[in-house]
Amino acid sequence: MYFCARMKHQLSILLPVYNVDCRQLVAELSRQAQALSDVLSYEIIVADDGSTDRSLAELCREVSQHPCCRYVERNENVGRAAIRNFLARQARYDWLLFLDSDVTVASPHFISTYLDAQHHATTAIVDGGIAIAPSDTLERCNLRYRYEVHEQPRHTAAQRSQHPYRAFRTTNFMVRRDAMLQIPFDERIRTYGFEDVLFGKQMHQHGQQIHHIDNPVMLTDIEPNDIFLRKTEQSLLTLHQFRADLRGYSRLLTFADGLHSPLLRSAFLVWHRLFRGLERRNLQGTRPSLRLFKLYKIGYFLSLK
């Protein structure tokens, strides 16, 4: 890794938290940042977005014991967009590293890879990407796990760079603070889903480029099938609500808009009405089908219209 000898890097590491135990993640980030203290000035800010599980919130307060780490509790849940904007305003340094609080940092060079990207970045955003931790147990029975494994070939930097704005995710990215303050997340989105896609579109419209690199975090906290299905339905409701803003940035929306044949559209709707109960039982069961998952999402979205 290349580091400038004349001046320190500066980095604000920002974690929005909601009903998650983030202590292990913060401990690893703190360890890596401290190891780079001769070339890095940093802070870690953890913001609890009105967690309803008070026992987890109590545990997360322990992160303030780490050097340069601050824990902020919010009484009201303001949503994934607003909490990130809040963290950007709280930060003191020029570069902001945002991470979801339910991921694992697998690489011992995770932070130093981002510092290296600071030197070579000609863009306002650097997206590190995600990966899925192998699990023979989850491979058979967990819908989220099977979906992420299926999508994993799209998660390489080379693949994401083909559609850099549409591929952007908030799970793991670094952004210049001035760009974030100028183009904040759209706080109209208070429900789950697509705040990252809309942020990518807004960056595109303002001429801010996104640079994708291979510096992934690991998805290890995989929710049960019923919770993942509810979150998927909520994200589809969000997509429907903001469909005018998201056209061209969602594959499902592009597919739905391309169904010009009333007969074909009706076929999807009839299928969904007849078989949605069976589909849900499969998707929440022990052998969920990704083909049924795709059909269910199409039918659910079309039924919203």
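If you're wondering where the values come from, they're calculated on a predicted model, not measured in any experiment. Basis for what follows: all heavy atoms, side chains included, without hydrogens, waters or symmetry-related copies.
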- Task: Work out which heavy atom in Val149 is nearest to a heavy atom in Pro153; give both atom names and the distance.
- Result: O-CD, 3.8 Å
- Hey, does the side chain of Ser107 reach the backbone of His109 with a donor-acceptor pair shorter than 3.5 angstrom? yes
- Item | Lys294 and Glu279 ion-paired at < 4.0 Å | no
- With the side chain counted from C-beta on, respond yes when Glu73 and Arg61 share a heavy-atom pair under 4.5 Å apart, and no when they do not. yes
- Task: For Glu43 and Tyr93, work out which heavy atoms get closest and say how close.
- Result: N-CE1, 3.8 Å
- Message: Count I, L, V, M, F, W, Y as connected when their side-chain heavy atoms are under 4.5 Å apart, and connections chain through other members. Are Leu11 and Ile45 then in the same cluster?
- Response: no
- So does Arg84 pair up with Glu187, basic N to acidic O under 4.0 Å? no
- Query: Are the side chain of Asn85 and the backbone of Phe185 linked by a donor-acceptor contact shorter than 3.5 Å?
  - Reply: yes
- Do Phe199 and Thr170 come within less than 4.5 Å of each other through their side chains, counting heavy atoms only? no
- Message: As an exercise, state the distance from CZ of Arg160 to CD1 of Ile130, rounded to the nearest 0.5 Å.
- Response: 8.5 Å
- Is any side-chain heavy atom of Ile213 less than 4.5 Å from a side-chain heavy atom of Asp127? no
- Between Asp48 and Ser51, is any side-chain donor less than 3.5 angstrom from a side-chain acceptor? yes
- So, do Leu29 and Leu99 sit near enough that their side-chain heavy atoms are less than 4.5 Å apart? yes
- Should Glu233 and Arg280 be marked as a salt bridge (charged side-chain N to carboxylate O under 4.0 Å, His left out) after you check the CA-CA gap, both sets of side-chain angles, and the distance that decides it? CA-CA 11 Å; Glu233 291 169 345; Arg280 287 181 62 85; 2.3 Å; yes
- Item | Over all atoms of both residues, closest heavy-atom pair of Ile125 and Phe173 | CG2-CD1, 4.1 Å
- Task: Please check if any side-chain donor atom of Tyr71 sits under 3.5 Å from a side-chain acceptor atom of Glu62, or the reverse.
- Result: no
- Task: Specify the closest pair of heavy atoms between Asn172 and Asn215, including all atoms of both residues, with the distance to one decimal.
- Result: ND2-O, 2.9 Å
- Message: Contact between Gln202 and Asp186 at the side-chain level, heavy atoms closer than 4.5 Å - yes or no?
- Response: yes
- How are the rings of Phe228 and Tyr147 set relative to one another: parallel (under 30°), tilted (30 to 60°) or perpendicular (over 60°)? tilted
- Item | Rounded distance [0.5 Å steps], CD1 in Ile132 versus CZ in Arg146 | 13.0 Å
- Task: Would you please name every residue forming a ring-ring contact (aromatic ring centres under 6.0 Å, His included) with Tyr192, sequence neighbours left out?
- Result: none
- Item | Test: Arg251 and Glu151 ion pair at under 4.0 Å | yes
- Item | Gln208 vs Arg176, side-chain hydrogen bond (donor to acceptor under 3.5 Å, both in side chains): CA-CA, chis, key distance, verdict | CA-CA 11 Å; Gln208 298 285 3; Arg176 288 194 61 90; over 6 Å; no
- Least distance between heavy atoms, Leu143 atom then Asn225 atom: N-OD1, 2.7 Å
- Query: Any side-chain heavy-atom pair from Phe98 and Met180 closer than 4.5 angstrom?
  - Reply: yes
- Query: Would you say the side-chain atoms of Lys297 pair up with the backbone N or O of Leu292, donor to acceptor, closer than 3.5 Å?
  - Reply: no
- Any chance the side chains of Asp49 and Asn77 put a donor and an acceptor closer than 3.5 Å? yes
- Task: Answer yes or no: is there a donor N or O on one side and an acceptor on the other, between the side chain of Asp102 and the main chain of Val20, under 3.5 Å?
- Result: no
- Would you mind checking if Arg188 and Asp245 are paired as a salt bridge, meaning a charged N to carboxylate O distance below 4.0 Å? yes
- Please identify each residue that fulfils ring-ring contact (aromatic ring centres under 6.0 Å, His included) with Tyr18, with sequence neighbours left out. none
- Item | Main-chain N/O of Phe301 paired to His240 side chain as donor or acceptor, under 3.5 Å | no
- Query: When the ring planes of Tyr114 and Phe110 are compared, do they come out parallel, tilted or perpendicular, using 30° and 60° as the limits?
  - Reply: perpendicular
- Task: For side-chain hydrogen bond (donor to acceptor under 3.5 Å, both in side chains), just list the numbers for Gln118 and His9, CA-CA rounded to whole Å, side-chain angles, deciding distance to a tenth of an Å, and then say yes or no.
- Result: CA-CA 8 Å; Gln118 282 186 16; His9 290 266; 3.1 Å; yes
- Task: Could you tell me whether the side chain of Val197 reaches within less than 4.5 Å of the side chain of Ser250, counting heavy atoms only?
- Result: no
- Could you pull out all residues at least two apart from Phe194 that satisfy ring-ring contact (aromatic ring centres under 6.0 Å, His included)? none
- Starting at CZ of Arg166, measure out to CG of Leu246 and round the result to the nearest 0.5 Å. 12.0 Å
- Item | Option among Lys201, His204, His163 that satisfies the side-chain hydrogen bond (donor to acceptor under 3.5 Å, both in side chains) test with Tyr249 | His204
- Query: In terms of side-chain heavy atoms, does Glu28 have a donor or acceptor partner in Gln32 at a distance below 3.5 Å?
  - Reply: yes
- Aromatic ring pairing Tyr296/His272, orientation class (parallel under 30°, perpendicular over 60°, tilted between): tilted
- Query: Does Arg74 make a cation-pi contact with Phe86 (under 6.0 Å, within 45 degrees of the axis)?
  - Reply: yes
- Test side-chain contact (heavy atoms from CB on, under 4.5 Å) on Ile13 and Ile111 and set out the steps. CA-CA 10 Å; Ile13 304 172; Ile111 291 180; 3.9 Å; yes
- Check step by step if side-chain contact (heavy atoms from CB on, under 4.5 Å) holds for Trp95 and Ser12. CA-CA 6 Å; Trp95 282 97; Ser12 294; over 6 Å; no
- Tell me, with the steps shown, if Ser30 and Tyr42 meet side-chain contact (heavy atoms from CB on, under 4.5 Å). CA-CA 9 Å; Ser30 178; Tyr42 77 96; 4.2 Å; yes
- Query: Do the side chain of Arg70 and the main chain of Val46 share a donor and acceptor less than 3.5 angstrom apart?
  - Reply: no
- Item | Heavy-atom closest pair, residues Gln34 and Pro67 | OE1-CB, 3.9 Å
- Go through the steps for Glu58 and Arg54 under the test salt bridge (charged side-chain N to carboxylate O under 4.0 Å, His left out), then give the verdict. CA-CA 6 Å; Glu58 183 71 28; Arg54 301 317 301 164; over 6 Å; no
